A.B. asks: 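Below is one structure. I have some questions about it.
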Amino acid sequence: MTIRLDDRFVRPFLSDYELKKTEADVEKAIKTLRTRTGAGAEMLGWLDLPEAYDKEEFARIKAAAAKIRSECDVFIVIGIGGSYLGSRAVIEFLKSPRHNLLGDGPRIFFSGCNISDSDLDELTEICRGKNVCINVISKSGTTTEPAISFRYFRAMIEEKYGKDGARDHIFVTTDKCRGTLKKFSDEAGYETFVVPDAVGGRFSVLTAVGLLPIAVAGIDIDELMGGARDAMKELDTDGIADNPAYNYALIRNTLYRQGKAAEILVGYAPYLLMLNEWWKQLYGESEGKDGKGLYPSSVIFSTDLHSLGQFIQSGERMMFETVLNIEKSDSDAKVPFDAANVDGLNFVAGTSLAEINNTALNATVLAHVDGGVPNVILNLKDRSAHSLGYLIYFFELACAVSGYTLGVNPFDQPGVEAYKKNMFALLGKPGYEDMADALRARLK
């Protein structure tokens, strides 16, 4: 398989009795998912998406991406949460966190994922004198953060190219037929792509939500989807023992029942940073409800060994680690020989950085296990679009099974709406007057 789960460093923390007890609930969760009989079953469009995706839209995505790559210097992706995390994670994993400096296609930036005035000003300055295209991603078109950003950059593009010319620079990913953004886009003549009804934002990276920005980055979306399709087929089993996604759900739920409160996703390269962020939304928004759920955290080692390493090694024993190990390196960089040997490191001269990084991984796993922190290792074959597509589907499947095992609906997010309503009230949106008065009184 593209993914191998290594449980050697977690098994000493788990008794056969505990595993067996959790296993019964995982088996029920698998059945609930596969028969589509659980809470949120109407949001299972991602389950067969790698094979059942809209081929006509897929072709339009490729055509639009080719147009943007040939005509635009700057491409701004406007969205928040699942509307940007997935595509950014894929781009940085497969290209680089420094992809904008490497000169392959337009520079890609993300907006609408915060309300920072300085961030907007800086991005405006970057666009000055450049040919700019934007892709706004929002099912409704009324989410505050991306809506503000879209207003701003739409006005900039219309001023630069005129309303008619703006049609060639604005691309919209939204609901298929409903919502204010869809209506507005049809009237303005923008090309639109679909946020599927049956796929929630955090599961949407393999839809137009993620695929258009990913294709603009020059990534082979056929290969990405092919990896997810292989995962869909290979992970469609009844048994837990030979299925790494089900095993992962079993292990993390057993540790949760022991009292573990947090799971730390560990990566050993900067290109994994945004993938970690996508994973945190996927699991945090899916499981964190009804007073339940593991708190999803993440680190990039060895960098964070010099900041959070002390706590993980010797602090409160309330977490476990899931280590994502990319088995095949795409670099042959080696430590050079230094005649002066000022740093005393000539003993590793000629050794590849990949080997040293892998040694750091092994040394850290052993140290943290000795410190009482269980470690699960997920070995991913390589840093390819196929492997990443496989990993995305793996995490989504494990998340759904894990959520049902936990006893929650993995596909809703009622808690996210609370701050939105408070913001509407405090900003003076019509219809929220009574709520605004009560909130302002609490803030005095």
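Just so it is clear, the model here is predicted, and its values are computed rather than measured.
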A.B. asks: State whether Glu27 and Lys31 are salt-bridged, where the test is any N-O pair (Lys NZ or Arg NE/NH1/NH2 against Asp/Glu carboxylate O) under 4.0 Å.
C.D. replies: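 So Glu27 does not pair with Lys31 through a salt bridge.
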A.B. asks: For Phe109, does the six-membered ring have the charged nitrogen or CZ of Arg107 within the cation-pi criterion, i.e. under 6.0 angstrom from the centroid and within 45° of the normal?
C.D. replies: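 Not satisfied by the 6.0 Å and 45° rule.
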A.B. asks: Below 4.0 angstrom, N of the basic side chain to O of the carboxylate: do Arg60 and Asp54 qualify?
C.D. replies: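 Judged by the 4.0 Å cut-off on N to carboxylate O distance, Arg60 and Asp54 do not form a salt bridge.
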A.B. asks: Does NZ belonging to Lys292 count more than 12 external heavy atoms closer than 6.0 Å?
C.D. replies: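 Above 12, so yes.
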A.B. asks: State whether Phe150 and Arg154 meet the cation-pi test: NZ (Lys) or CZ (Arg) under 6.0 Å from the six-membered ring centroid, and within 45° of the perpendicular axis.
C.D. replies: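 Judged by the rule, Arg154 and Phe150 form a cation-pi pair.
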A.B. asks: So with a 6.0 Å cut-off around CZ of Phe58, is the heavy-atom count from everything else above 12?
C.D. replies: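 Yes, the 6.0 Å shell around CZ holds more than 12 heavy atoms from other groups.
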A.B. asks: Assess the residue pair Ser87 and Val209 against the criterion (side-chain contact (heavy atoms from CB on, under 4.5 Å)); give the C-alpha distance rounded to whole Å, side-chain angles, the decisive distance to 0.1 Å, and a yes or no.
C.D. replies: CA-CA 8 Å; Ser87 59; Val209 170; over 6 Å; no
A.B. asks: Run the salt-bridge test on Arg69 and Asp104 with the 4.0 Å N-O cut-off and return the result as yes or no.
C.D. replies: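 Looking at Asp104 together with Arg69, the answer is yes, because their closest N to O distance falls below 4.0 Å.
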A.B. asks: Thinking salt bridges, do Arg34 and Asp238 make one under a 4.0 Å N-O criterion?
C.D. replies: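 No, no charged N to carboxylate O under 4.0 Å.
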A.B. asks: Does NZ in Lys176 sit with more than 12 non-hydrogen atoms of other residues, nucleotides or ligands closer than 6.0 Å?
C.D. replies: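 12 or below, so no.
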A.B. asks: Give a yes or no on this: more than 12 heavy atoms of other residues, nucleotides or ligands lie within 6.0 Å of atom NZ of Lys160.
C.D. replies: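 Count over threshold, so yes.
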A.B. asks: Within a radius of less than 6.0 Å around CD of Glu56, do more than 12 heavy atoms belonging to other residues, nucleotides or ligands occur?
C.D. replies: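 Yes.
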A.B. asks: Can the positive tip of Lys55 be found less than 6.0 Å from the middle of the six-membered ring of Tyr53, inside 45° of the ring normal?
C.D. replies: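 Yes, Lys55 sits over the ring of Tyr53.
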A.B. asks: Give a yes or no on whether a salt bridge exists between Arg167 and Asp164, defined as a side-chain N under 4.0 angstrom from a carboxylate O.
C.D. replies: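 Yes, this pair counts.
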